[in-house]
Amino acid sequence: MSRKIYERNLGILICLFVVVSVGMTFTVYQQTGNSGVSAVVLAGCILLCLLAFLQHRLEDRYITDIVIELSRLTDVLVELEEKEIFPENEDTVLSKLQSKVIKLVRILKHQNEMAAWEHENIKELVSDIAHQLKTPISNLKMYSQFLQEESLSEKQRKEYTEVICMSVERLNFLSENMIKISRLEGGLIQLNMQRQSLNETILKAVKDIYPKAKEKGTEICYSEEKEIMMHHDRNWTAEALFNLLDNAVKYARPGSRIDLRVRRLSMFVEISVEDENGAIPQEEQSKIFARFYRGRNSRKQEGVGVGLYLCREIVTRQGGYMNLKTTEKGNVFSMVLYQRTDS
């Protein structure tokens, strides 16, 4: 209803009230012939009229105040502030509305924070990829130009060709892992969680890493409890464990040993990989699972620093977490997977 229509209806009601008051006073005077009684009736009608007008003014003021408070509540939503306008301890419609608005503010703030985090994450990802691509692309460009020189000896040509092949392998390795990471982070890959033997999943990873370990002279000692049946994605879990084992083999000294263990921990199952590669420094342990991070002791080895990051992403998406602790000889990386109660 518009303000003009409201005022028109109010005017009609006032006129009607005046007519009724005058009519009642006149009727009483005709029936009684007493002007005193008529005056009392008229005074009563006037008093009722004043009370009705006062009530109207109070209600109008109350509604105006409510509208102002609602406007302030709208400002809270627009400015995303968790501010109380109405008393929370009152069980009223307005306090309930305020509670829902504050809840909506929290949701919107969280969404804004997530959007900002994703924006920064994309910026970091682009920067990281650009940094990782810089060296192999520069090598490809430089050594391909070297190969065009006619005065090259056969030995030099072979050396340059090897560098180009290594750069191509590095680019291929980086692109494959980036595709895996982007699919996981973007939710393009749905984990196929099935109740199946975790022992068989572990053996799948061991078989994939065995040739590399044998070539380097590294022994992998696997110990397990009885067969563990649990819900997990076999391919991605094997991929994560392979990354842990590959990392351990890569930095292993000839003749060293890697201990692979699996055991139940109440609601979780732990798969641990213990190496003899020297303890990771304390200041690097919090960064070791970051994307593209490589410690000081890893600079001499080939790699781009995505294996442990990919491992963490796979385990986290299955409701688990990664753990790292150091020993006198090396490190123990653990994949801790949540075991559903119906497993």
Subject >> Value rounded to 0.5 Å, distance of CG in Leu265 from CD in Glu270 >> reply: 5.0 Å
Original post:
Which atoms form the tightest heavy-atom contact between Pro211 and Lys207, and what is the distance?
Top reply: CD-O, 3.4 Å
Original post:
What are the two closest non-hydrogen atoms of Cys311 and Asn243, and how far apart are they?
Top reply: N-ND2, 4.3 Å
Subject >> Donor-acceptor under 3.5 Å (Lys216 side chain, Val249 main chain) >> reply: yes
**OP:** Check whether any side-chain heavy atom of Tyr160 lies under 4.5 Å from a side-chain heavy atom of Leu152, and answer yes or no.
**Re:** yes
Original post:
To the nearest 0.5 Å, what is the distance between CZ (Arg263) and CD (Glu224)?
Top reply: 15.0 Å
Original post:
Got a second to check how far Gln318's CD is from Asp233's CG, nearest 0.5 Å?
Top reply: 5.5 Å
**OP:** Apply the test side chain to side chain contact (heavy atoms under 4.5 Å, CB included) to residues Val163 and Met166: give CA-CA distance (whole Å), side-chain angles for both, the deciding distance (0.1 Å), then the verdict.
**Re:** CA-CA 5 Å; Val163 173; Met166 288 175 58; 5.6 Å; no
**OP:** Would you indicate whether the side-chain heavy atoms of Thr237 and Val315 approach each other to under 4.5 Å?
**Re:** no
Original post:
Given side chains that start at C-beta, do those of Leu244 and Ile271 come closer than 4.5 Å, heavy atoms only?
Top reply: no
Original post:
Hey, is Arg261 close enough to Glu274 for a salt bridge, meaning N to O under 4.0 Å?
Top reply: yes
**OP:** Return yes if some donor-acceptor pair links the side-chain N/O of Glu276 with the main-chain N/O of Ala252 below 3.5 Å, else return no.
**Re:** no
Subject >> Carboxylate-amine/guanidinium contact Glu113 Lys109, below 4.0 Å >> reply: no
**OP:** Supply the atom-to-atom distance His231 NE2 to Tyr338 OH, rounded to the nearest 0.5 angstrom.
**Re:** 11.5 Å
Subject >> Under the salt bridge (charged side-chain N to carboxylate O under 4.0 Å, His left out) test, residues paired with Glu200 that sit two or more places apart >> reply: Arg234
**OP:** State plainly whether one hydrophobic cluster holds both Phe146 and Ile137, where clusters connect Ile, Leu, Val, Met, Phe, Trp and Tyr through side-chain heavy atoms under 4.5 angstrom apart.
**Re:** yes
Original post:
With a 4.5 Å limit on heavy-atom distance, are the side chains of Val273 and Leu245 in contact?
Top reply: yes
**OP:** To the nearest 0.5 angstrom, please state how far the CD1 atom of Ile258 sits from the CD1 atom of Ile220.
**Re:** 5.0 Å
Original post:
Which atom names give the shortest non-hydrogen contact between Ala248 and Asp275, and what distance separates them?
Top reply: CB-CB, 4.2 Å
Original post:
Under 6.0 Å from the CD atom of Glu154, do we count more than 12 heavy atoms belonging to anything else shown?
Top reply: no
Subject >> Side chain Glu284, main chain Pro281, donor-acceptor under 3.5 Å >> reply: no
Original post:
Once you round to the nearest 0.5 Å, how far does CD of Glu219 lie from CG of Asp259?
Top reply: 8.5 Å
Original post:
Any idea which heavy atoms bring Gly319 and Phe268 closest together, and the distance?
Top reply: O-CE2, 4.3 Å
**OP:** Return yes when atom OH of Tyr222 has more than 12 non-hydrogen atoms of other residues, nucleotides or ligands closer than 6.0 Å, and no otherwise.
**Re:** yes
**OP:** Go through the steps for Leu140 and Ile164 under the test side chain to side chain contact (heavy atoms under 4.5 Å, CB included), then give the verdict.
**Re:** CA-CA 6 Å; Leu140 285 173; Ile164 290 176; 3.5 Å; yes
Subject >> Where Val332 and Ser272 come nearest, the two heavy atoms and their spacing >> reply: CG1-CB, 4.0 Å
Original post:
Between His110 and Ile107, is any pair of side-chain heavy atoms under 4.5 Å apart?
Top reply: no
Subject >> Min side-chain heavy-atom separation Gln111-Leu108 under 4.5 Å >> reply: yes
**OP:** Kindly give the heavy-atom pair with the smallest separation between Met230 and His232, and that separation in Å.
**Re:** O-ND1, 3.0 Å
Original post:
Taking side chain as C-beta onward, heavy atoms only, is Ile280 less than 4.5 Å from Phe333?
Top reply: yes
Subject >> Intermediate values then yes/no, salt bridge (charged side-chain N to carboxylate O under 4.0 Å, His left out), Arg317 and Glu313 >> reply: CA-CA 6 Å; Arg317 276 163 173 71; Glu313 290 295 305; 2.4 Å; yes
